[in-house]
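Take a look at the structure set out below.
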Amino acid sequence: MSKGKKESWEWLKAVVIALVLAFVIRHFLFAPVIVDGESMMPTLEHNDRMIVNKISYTFGEPDRFDIIVFHAPAGKDYIKRIIGLPGDEIEYRDDVLYVNGEALPEPYLDELKQAYNGDLLTRDFQEVTVPEGELFVMGDNRGRSKDSRDIGTIDIDEVIGKANVVFWPVSNIRIAK
């Protein structure tokens, strides 16, 4: 094989390996997602770009208050916060989250609650028991979020992954909490 052909062959192998690695990373490990809408404000802004960690729940279980991306019933992917885990009893009264009868703080809502000047951010709803293998999710901007209050609980198998790294715009690079 001539030197030129050998060099071309090496370049071709490098490109093929790079494409295979990109495919594996994109489809099995990490993927970009664009926040569409205001349902997670102020935690996430419309058009924020995030990294979805697709393997996070392969080795561990979802935690309460994780921000996740999942396949919603309408054939669209949603980004929401986990409020209830399998077996939990969830209730909202007077803008307070109760899980299994215990009031839990939601510090990520403090900024938005201040903007509501004493009005309720989250409308009350009766106790909901989260079925096994499912999650109860809500957006942080409770008045502008289509979530488990509307679509019901979501199957854990519909979860694409955990999303907490904002990488664009550059001025907003951060870990979302």
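Residue numbers start at 1 and run along the sequence shown. Since the structure is predicted, the reported quantities are computational estimates derived from the model, not experimental observations.
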Polar side-chain atom of Asp63 near backbone of Asp66 as donor-acceptor pair, under 3.5 Å: no
Where Gly161 and Tyr57 come nearest, the two heavy atoms and their spacing: C-CE1, 4.2 Å
Closest contact, heavy atoms only, Glu106 versus Arg142: OE2-NH2, 2.9 Å
Min side-chain heavy-atom separation Ile160-Phe70 under 4.5 Å: no
Side chains of Asp36 and His46 in contact at under 4.5 Å (non-hydrogen atoms): yes
Joint hydrophobic cluster, Leu97 plus Leu109, side-chain heavy atoms closer than 4.5 Å: yes
Expected output: side-chain Asp94 to main-chain Val96 donor-acceptor under 3.5 Å: no
Beyond-backbone contact of Met138 with Arg149, side-chain heavy atoms, under 4.5 angstrom: yes
For the student: nearest non-hydrogen atoms of Lys80 and Ser145, plus distance: NZ-OG, 3.1 Å
Salt bridge (Lys or Arg N to Asp or Glu O under 4.0 Å) between Arg93 and Glu127, intermediate numbers included: CA-CA 10 Å; Arg93 278 183 283 136; Glu127 193 172 280; over 6 Å; no
For the student: nearest non-hydrogen atoms of Pro86 and Ile156, plus distance: CG-CD1, 3.9 Å
Rounded distance (nearest 0.5 Å) linking atom OG of Ser39 with atom CG of Asp140: 8.0 Å
Side-chain heavy atoms of Ile154 within contact of Tyr78, under 4.5 Å: no
Residue pair Asn100, Ile90: steps toward the side chain to side chain contact (heavy atoms under 4.5 Å, CB included) verdict: CA-CA 7 Å; Asn100 301 322; Ile90 308 295; over 6 Å; no
Sidechain-backbone polar pair: Asn141 side chain, Met40 backbone, donor-acceptor under 3.5 Å: no
Contact summary for Val52 and Ala163, nearest pair of heavy atoms: CG2-CB, 4.2 Å
Ser148 to Thr153 - nearest heavy-atom pair and separation: OG-CA, 3.9 Å
Proximity of Phe136 and Phe125 rings by center, below 6.0 Å: yes
Ile82 side, atom CD1; Ile67 side, atom CD1 - distance, nearest 0.5 Å: 10.0 Å
Inter-residue atom distance Thr129.OG1 - Glu89.CD, 0.5 Å rounding: 4.5 Å
Check: Ile83 main-chain N/O paired with Arg64 side-chain donor or acceptor under 3.5 Å: yes
Met50/Leu44 under side chain to side chain contact (heavy atoms under 4.5 Å, CB included): CA gap, chis, key distance, verdict: CA-CA 9 Å; Met50 302 186 73; Leu44 303 173; 3.6 Å; yes
Side-chain heavy-atom pair Asp155, His71 within 4.5 angstrom cut-off: no
Close side-chain approach of Val137 to Arg81, heavy-atom, < 4.5 Å: no
N/O donor-acceptor pair under 3.5 Å between Asn53 side chain and Ile55 backbone: yes
Side chains of Arg123 and Tyr92 in contact at under 4.5 Å (non-hydrogen atoms): no
Shared hydrophobic cluster, Val130 / Phe65 (ILVMFWY, side-chain heavy atoms < 4.5 Å): yes
Heavy-atom side-chain contact between Val166 and Arg49 under 4.5 Å: no
